[in-house]
Amino acid sequence: MGCDRNCGLIAGAVIGAVLAVFGGILMPVGDMLIEKTIKKEIVLEEGTLAFKNWVKTGTEVYRQFWIYDVQNPQEVMVNSSNIKVKQRGPYTYRVRYLAKENITQDPEDHTVSFVQPNGAIFEPSLSVGTENDTFTVLNLAVAGAAHIYQNAFVQSVLNSLIKKSKSSMFQNRTLKELLWGYKDPFLTLVPYPVPTTVGVFYPYNNTVDGVYKVFSGKDNISKVAIIDTYKGKRNLSYWPSYCDMVNGTDAASFPPFVEKTRVLQFFSSDICRKTSVYFTSPFSTCKS
């Protein structure tokens, strides 16, 4: 009995030691295999998992708007009073839900070119109201005409057209009109070939953004999805110094093996500049 017990203990110790050795060897090998698989599948080329998810992102992307509603338009126009506004929002739209188009691989410089179709779907459940909510806002056409055409004679003509169209410095418009466009009554009377549709994001739906040219990561996995050029440029000529550079990704994906200390950069064509994201703390999106 004593021998059997001692033999069992010795055998168990030996087996444990052998398993520990194998574990110490296999764990790094397993990590290497996992890393190798990730590096292979993250490359933006036909046939990889990353490419499929990159062409049409499975993550829902939203854009939210807050509108400043003018509370005292008459006082401002008549008495030049300080303007009073009320912020209303958010009004939420789902964007970036359409698949990338005109995808072209360049194996020589390891890049992929594409255009991103634009589309926006209103999300009532994530908004404080509807697209038909009305706001009192600055009349962009009237304000812009006075700034662009400063010749006295031209301004007198424009003023007569403003009165004829019953327009003024402020106007009431729905959210949908403000963002996506409306026919301006003043501009329709201008005897020149000028656009008559006004909107902060007009035109947007049924248009495309780009051309983007991004790195595929084939030669350097740390560069995957990072933008090389936007519309053939690395600088946009809108901002001074570093702010004018096209940096980061289009926010649809990022390179793998990102450390918490790394600053993530992505480029937004809506504001024509890059922005940065910093890690602050972990959080969970799971609902109990």
Side-chain angles (χ1 to χ4, degrees), residues 27-63 95-119 207-283 285:
M27 284 182 64
V29 173
D31 290 342
M32 289 174 61
L33 291 174
I34 293 172
E35 183 175 339
K36 184 178 180 180
T37 302
I38 291 174
K39 287 183 176 180
K40 178 183 177 182
E41 292 296 331
I42 205 69
V43 174
L44 299 180
E45 64 179 5
E46 194 75 40
T48 65
L49 292 174
F51 183 80
K52 181 180 178 181
N53 294 325
W54 172 80
V55 171
K56 185 176 182 180
T57 178
T59 304
E60 293 186 345
V61 180
Y62 298 102
R63 183 169 297 155
V95 296
R96 299 272 176 172
Y97 58 89
L98 296 171
K100 296 175 174 65
E101 296 179 352
N102 299 345
I103 299 173
T104 305
Q105 299 274 352
D106 189 336
E108 292 187 2
D109 61 2
H110 306 291
T111 59
V112 188
S113 300
F114 67 93
V115 295
Q116 176 67 59
N118 288 322
T207 64
V208 295
D209 182 26
V211 176
Y212 288 88
K213 184 179 179 181
V214 305
F215 292 104
S216 67
K218 186 72 173 180
D219 62 329
N220 185 349
I221 201 65
S222 66
K223 295 169 63 177
V224 67
I226 292 177
I227 299 171
D228 181 30
T229 61
Y230 173 70
K231 294 184 177 180
K233 300 179 180 179
R234 291 189 174 92
N235 293 80
L236 301 177
S237 304
Y238 295 138
W239 311 95
S241 185
Y242 181 75
C243 295
D244 194 56
M245 297 175 64
V246 178
N247 289 318
T249 74
D250 67 344
S253 58
F254 292 93
F257 314 119
V258 175
E259 299 290 339
K260 293 179 180 179
T261 54
R262 179 173 177 178
V263 178
L264 295 181
Q265 296 181 336
F266 61 91
F267 172 76
S268 173
S269 60
D270 290 326
I271 60 175
C272 295
R273 64 169 297 173
K274 66 96 176 175
T275 185
S276 302
V277 178
Y278 300 83
F279 175 83
T280 55
S281 62
F283 68 94
T285 58

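This is a predicted model, so every value here is computed, not measured. Just so you know, residue 1 is the first one in the sequence shown, and it goes up from there. All heavy atoms count here, side chains included; hydrogens, waters and symmetry mates do not.
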Return yes if some donor-acceptor pair links the side-chain N/O of Q116 with the main-chain N/O of L98 below 3.5 Å, else return no.
yes
Could you check whether any side-chain heavy atom of E45 comes within less than 4.5 Å of a side-chain heavy atom of S216, counting everything from C-beta outward?
no
Which value, rounded to the nearest 0.5 Å, describes the distance between K52 atom NZ and T57 atom OG1?
13.0 Å
Rounded distance [0.5 Å steps], OG1 in T111 versus NZ in K223:
9.5 Å
Please report the C-alpha distance between V55 and I103 in whole Å, then the side-chain angles of each, then the deciding distance to 0.1 Å, and finally whether the side-chain contact (heavy atoms from CB on, under 4.5 Å) criterion is met.
CA-CA 9 Å; V55 171; I103 299 173; 3.7 Å; yes
Nearest 0.5 Å please: distance from the CG atom of N247 over to the CD1 atom of I227.
8.5 Å
Using 0.5 Å steps for rounding, measure from the NZ atom of K274 to the OG atom of S268.
12.5 Å
Holding to side chain to side chain donor-acceptor pair (under 3.5 Å), I want the full list of residues that pass it with K100, two or more places apart in sequence or in another chain.
none
D244 vs Y238 side-chain heavy atoms within contact, under 4.5 Å
yes
For the residue pair P107 and Q105, what are the closest heavy atoms and their distance?
CD-O, 3.7 Å
Are any of the side-chain heavy atoms of W54 and V214 separated by less than 4.5 Å?
yes
Contacts of D270 meeting salt bridge (Lys or Arg N to Asp or Glu O under 4.0 Å) (sequence neighbours excluded), chain-then-number -> R63
Does N235 reach the main-chain N or O of S237 with its side chain, forming a donor-acceptor pair under 3.5 Å?
no
Please report the C-alpha distance between F254 and V277 in whole Å, then the side-chain angles of each, then the deciding distance to 0.1 Å, and finally whether the side-chain contact (heavy atoms from CB on, under 4.5 Å) criterion is met.
CA-CA 12 Å; F254 292 93; V277 178; over 6 Å; no
When rounded to the nearest 0.5 angstrom, what is the spacing between CZ in R234 and CG in D228?
4.0 Å
Partner set under side chain to side chain donor-acceptor pair (under 3.5 Å) for R262, not counting sequence neighbours
none
For the residue pair S222 and P255, what are the closest heavy atoms and their distance?
O-CG, 3.3 Å
Contact check, side chains of T275 and F266, non-hydrogen atoms, under 4.5 Å
yes
What is the distance from atom CD1 of I226 to atom CD of Q265, rounded to the nearest 0.5 Å?
8.5 Å
For T229, enumerate each residue passing the side chain to side chain donor-acceptor pair (under 3.5 Å) test, keeping only those at least two apart in sequence or located in another chain.
none
Within the 4.5 Å heavy-atom criterion, are T48 and I42 side-chain neighbours or not?
no
Just to verify, what does K213 make a side chain to side chain donor-acceptor pair (under 3.5 Å) with, not counting sequence neighbours?
D109
Kindly indicate whether the side chain of P256, heavy atoms from C-beta on, has any atom under 4.5 Å from the side chain of I221.
yes
Go through it in stages, so that I can follow the logic: the residues are F267 and L236, the test is side-chain contact (heavy atoms from CB on, under 4.5 Å), and I'd like the CA-CA distance, side-chain angles, deciding distance and then a yes or no.
CA-CA 12 Å; F267 172 76; L236 301 177; 3.6 Å; yes
After noting the C-alpha distance and the side-chain angles of F114 and D250, does the key distance pass the side-chain contact (heavy atoms from CB on, under 4.5 Å) rule?
CA-CA 11 Å; F114 67 93; D250 67 344; 3.8 Å; yes
Under the ring pair (Phe, Tyr, Trp, His ring centres under 6.0 Å) test, which residues partner F215, sequence neighbours left out?
none
Which atom pair, heavy atoms only, marks the closest approach of K56 to A99?
CB-CB, 3.9 Å
Would you say the side chains of S269 and D209 form a donor-acceptor pair under 3.5 Å?
yes
